[in-house]
Each structure stands twice: as structure tokens, then as C-alpha cells.
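Below you'll find the structure, written out as C-alpha cells, and then a few comments.
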Amino acid sequence: MIPSILPTYNRADLSFVKGEGVWLEAEDGRRYLDLGAGIAVNALGHANPDLVDALTTQAGALWHVSNLYRIPAQQRLADALVGNSFADTCFFTNSGTEAMELAVKMARRYWHDHGQPERTRILTFEGAFHGRSSAAIAAVGTEKMTKGFGPLLPGFTQLAWGDHDALRAAAAAPDVGAILIEPVQGEGGIRPVPDHCLKGLREICDETGTLLIFDEVQCGMGRTGKLFAHEWAGIAPDIMMVAKGIGGGFPLGAVLATEKAAAPMTAGTHGSTYGGNPLACAVGAKVMEIVAEDAFLDGVRARAGQLRQGLEGLVASHPDVFEGVRGAGLMLGLKCRVVPADLVQAGYGEAVLTVPAADNVVRLLPPLNITASEIDEALSRLDRAAARVGSDAG
């Protein structure tokens, strides 16, 4: 018989009943050090008191009214996002996948209203992940994501990672309207796009008029040590998707855009019943208040340096298990010589949680406010987990 929960996940045999900061407590009372943060969602850790207070205060006042009315918490969050980014406006969603859908619609509507409705094609890249909706899987195009779900939404072309000549040739096609890319691939194996490549993408888009869309669902909201990962390159997109960390654990996403890109999205062109509800935006506004502070981002960069240095030592100590470290900020990956799932499983034995990814990588995505002593403890547990895997392989 099929279980009551649709079996689309290969779940670990772990169940957690309580969380505090970087720690999770299982049903049996064992405490686990969480280096996954709900896949980069719990940016400020579990049960963060500031977020708990923001949520409970709002919950005691008003839960939901719909977007038929003004929502003060939504306005506060929108003002904070616009005030701390390239954007002139934003639309709130419940998830990164919903943000992806709007980004695609916005790009295509832009060209429709500018008298070039043929410019519907969006260029994407090998290794990408943009969600699991029909548009998102069509954008990625891999068999793993699309098998059995056809016919696929047309209008996407996937390009090889790092093939600049192919990119330039594809971008020159008359039907191309946008380029969509993650500044740091998450599911694809923690692969940062070099700053000069992001600058090159901006130049190509400026030359051709093509819209540049960044997917910062996983790499945004302070994860790389700046509020948004693309800031390291000194350029900006026309449209950007954010989610995960923006809600600190409460479901929330957003599409940020320039006035030029967003202008065609007039009343009635898009909507959401739940998106931007008072509960989500109260939490999101508090997350922004904390994460956007320079001192907080300085702390992220300091802890990121400590973690990366420790991981480099870990790689050197276990050359039979690891090939190297990749990533940016507190979005790091251990490139493995062993099966990543084996290292993740060994981590369970040492009560440390990590996240597998493609390209033989294990992801480390801890809460952004992890402490120096907690990083030391994490490295010790990872060292023991690597020793377990190494002895098993030997």
C-alpha cells in the first residue's frame, strides 16, 4: 500500500522534535549539529527568539487578509528589500518555485509589451536547479527532472557550464529574451560563477537588450557574506528570485525587479492568495532587519573563513575521502572521492547533519549566526565522520 505521505523522498530515519540555534534534538533526546539549516532555509538557526517574537506577535493580531487589501508587514519588507538591493519593486510568493514562475512570466511579458513577442526563449545552464514546477523543470531540461512529465513547456535552451562561445552565439539569436542563472549553483554541486563571468553576462545582456535573471533562492540573503551573492561581482540583474533564508524557516519567497523589467506586470497579470501574508512578512521583515546589517555580514564572512580553513585541513587529512572544497561564504561544498551519501550517513553517526548535492558534493549550509566554537565542534564531527568513511572504504 502507498503510505499516507506521498513517497517522493528517500527520508533519513531521523525525526526531530526541537531545535535551538544550530542544534536539533531527535525523538530519542540525541542532539545533532545542523549544517544543513533546512537546506539553507534557517538562516538564523532554529527557534530564533527574534523570529519567534515577530511571528507570535503577528499571529496574535492578524493571520491572513489576502492581497485584496494593503498589508503593512508586506510593505515594510518590500521597502527593506528595495532599499537594500538593485530592485525598484518586488512581488511576494510562498516559495522559490513560485518566484521562478513569476520571473519567467515577467521576462516574457516584458518582450510582449515591447513589441517583440517572439523573444520568449530563456537561456539556462547545465547543473542548474530552479524548482520543480513545469516551467522550472523545463528550464533545467535533464532527464532526471523531466522524465515522464512531458510535454515540456517550450522556450528554454540549456547551455554547457563555462562555454562562453556557446553562450555568446546563443544570446545573439533573435528569439532570446532572457538569461537565467544561479550566481552559485546549489543542487548542482556548490559551483560559484566567477565574478568576471557574471560581469560578462551583464555585458552580453546590455549589448543585446536581453534581461538578466538571477536565481538567488539558495545563495542569497547573506549566505555568501553579502546580502546577495551577485554583489561580489559589482553588477546587478534585471530580475531576481529569492526565497529560503528570507523567511528564516517560514515559507516565503519574492521576485525583485527593476522598474523597467517589471512595468508590464500591471493589475491582473499575476497574483497569489497567500503570497506576502502578514505572518510570513512579519518574519521576513525581522530577518531583513538582522541579516542586512553590515556587522552581521562581517560576522558571516569571519565564520566562513574559519570554516573554509578548517575544511581545507579536513581535506588534507582525508585525501582518500575528499578532493577539495568549493563555494563561497557559508555555502560550501566538500567534493568527495567517496559516494556523498556515505559521508552524510556517517555524519548521522557523529550527530552532524549535511546535505548531498550533484557532482559528488556534500553541502555545508549552516545557520549564518553559527558561532566559532560551534564551527570547531562541526569540524571535529566531520573529521570523525570522514574517518568512518575512510576506514569503510579501506
Side-chain angles (χ1 to χ4, degrees), residues 9-14 16 22-24 26 30-40 126-129 142 144 160-162 182 184-194 218-219 223-225 301-367 370-394:
Y9 289 98
N10 291 317
R11 300 175 191 266
D13 189 22
L14 291 170
F16 300 106
V22 76
W23 299 94
L24 281 169
R30 192 180 189 195
R31 297 177 79 232
Y32 289 74
L33 204 161
D34 184 8
L35 298 183
I39 315 181
E126 172 268 323
F129 180 84
T142 61
K144 176 183 176 182
W161 177 267
E182 301 157 273
V184 184
Q185 284 190 347
E187 299 282 339
I190 309 295
R191 296 198 294 183
V193 180
Q218 190 165 148
C219 65
R223 180 60 51 186
T224 66
R301 292 191 287 271
R303 297 288 76 78
Q306 177 193 358
L307 179 57
R308 181 149 200 153
Q309 184 177 18
L311 292 176
E312 296 286 1
L314 196 69
V315 170
S317 298
H318 301 278
D320 55 332
V321 177
F322 302 116
E323 288 187 29
V325 183
R326 58 169 65 161
L330 289 175
M331 185 177 182
L332 297 174
L334 284 164
K335 173 75 170 177
C336 297
R337 299 186 189 278
V338 298
V339 177
D342 291 346
L343 182 64
V344 173
Q345 188 66 41
Y348 296 155
E350 297 297 337
V352 61
L353 306 178
T354 58
V355 182
D359 201 27
N360 234 41
V361 166
V362 169
R363 280 178 281 180
L364 307 176
L365 306 162
I370 189 172
T371 66
S373 61
E374 288 166 342
I375 288 177
D376 287 340
E377 180 62 28
L379 291 167
S380 294
R381 296 186 184 208
L382 288 170
D383 182 54
R384 295 195 297 271
R388 283 184 179 224
V389 174
S391 63
D392 291 343

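The first residue of the sequence shown is numbered 1, and numbering continues consecutively from there.
For the pair Val325 and Arg308, the minimum side-chain heavy-atom distance is below 4.5 Å. You'll find the side chain of Arg223 reaches within 4.5 Å of the side chain of Leu330, heavy atoms only. Using a 4.5 Å heavy-atom threshold, the side chains of Val361 and Leu334 count as separate. Considering only heavy atoms from C-beta on, Leu35 stays 4.5 Å or farther from Arg381 through its side chain. Using a 4.5 Å heavy-atom cutoff, the side chains of Val389 and Phe322 are not in contact. Side-chain contact between Cys336 and Leu343 is present, with at least one heavy-atom pair separated by less than 4.5 Å. By the 4.5 Å heavy-atom criterion applied to side chains, Val193 and Trp161 are counted as neighbours. Between Ile375 and Leu379 there is a side-chain heavy-atom pair separated by less than 4.5 Å.
Between Thr354 atom OG1 and Leu365 atom CG the span is 9.5 Å, to the nearest 0.5 Å. Atoms CD and CG, from Glu374 and Asp34 in turn, are 11.0 Å apart once rounded to the nearest 0.5 Å.
Not counting sequence neighbours, the partners of Glu126 by the salt bridge (Lys or Arg N to Asp or Glu O under 4.0 Å) test are Arg191.
A pairwise comparison of heavy atoms in Arg303 and Ala372 identifies CD-N, 3.7 Å as the closest pair. Ala346 and Ala385 get closest at one heavy-atom pair: CB-O, 3.6 Å. Looking at every heavy atom in both residues, Glu182 comes nearest to Phe129 through OE1-N, 3.1 Å. Contact record, Pro366 with Ala37: C-CB, 4.1 Å, taken as the closest heavy-atom pair. Heavy-atom minimum distance, Gly327 versus Pro192: CA-CG, 3.8 Å.
The closest donor-acceptor contact from the side chain of Asn360 to the backbone of Val338 lies under 3.5 Å. Using modelled atom types, no side-chain atom of Arg363 and backbone atom of Met331 make a donor-acceptor pair closer than 3.5 Å. No donor-acceptor pair closer than 3.5 Å links the side chain of Glu350 to the backbone N or O of Gly347.
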Residue pair Leu14, Tyr32: steps toward the side-chain contact (heavy atoms from CB on, under 4.5 Å) verdict: CA-CA 10 Å; Leu14 291 170; Tyr32 289 74; 3.3 Å; yes
Quick one: do Glu377 and Ser380 satisfy side-chain hydrogen bond (donor to acceptor under 3.5 Å, both in side chains)? Show the steps, please. CA-CA 5 Å; Glu377 180 62 28; Ser380 294; 5.1 Å; no
For Ile190 and Lys335, run side-chain contact (heavy atoms from CB on, under 4.5 Å): C-alpha distance rounded to whole Å, both residues' side-chain angles, the deciding distance at 0.1 Å, then the answer. CA-CA 9 Å; Ile190 309 295; Lys335 173 75 170 177; over 6 Å; no
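A side-chain contact (heavy atoms from CB on, under 4.5 Å) with Leu382 is found for one member of Val362, Leu311, Leu33 and no other, namely Leu311.
Around the CD atom of Gln309, the shell of radius 6.0 Å holds no more than 12 heavy atoms that belong to other residues, nucleotides or ligands.
A salt bridge is defined here as a Lys NZ or Arg NE, NH1 or NH2 lying under 4.0 Å from an Asp or Glu carboxylate O, and Arg326 with Asp359 meets this definition.
Defined by atom type and a distance below 3.5 Å, a donor-acceptor pair is missing between the side-chain atoms of Arg301 and Gln306.
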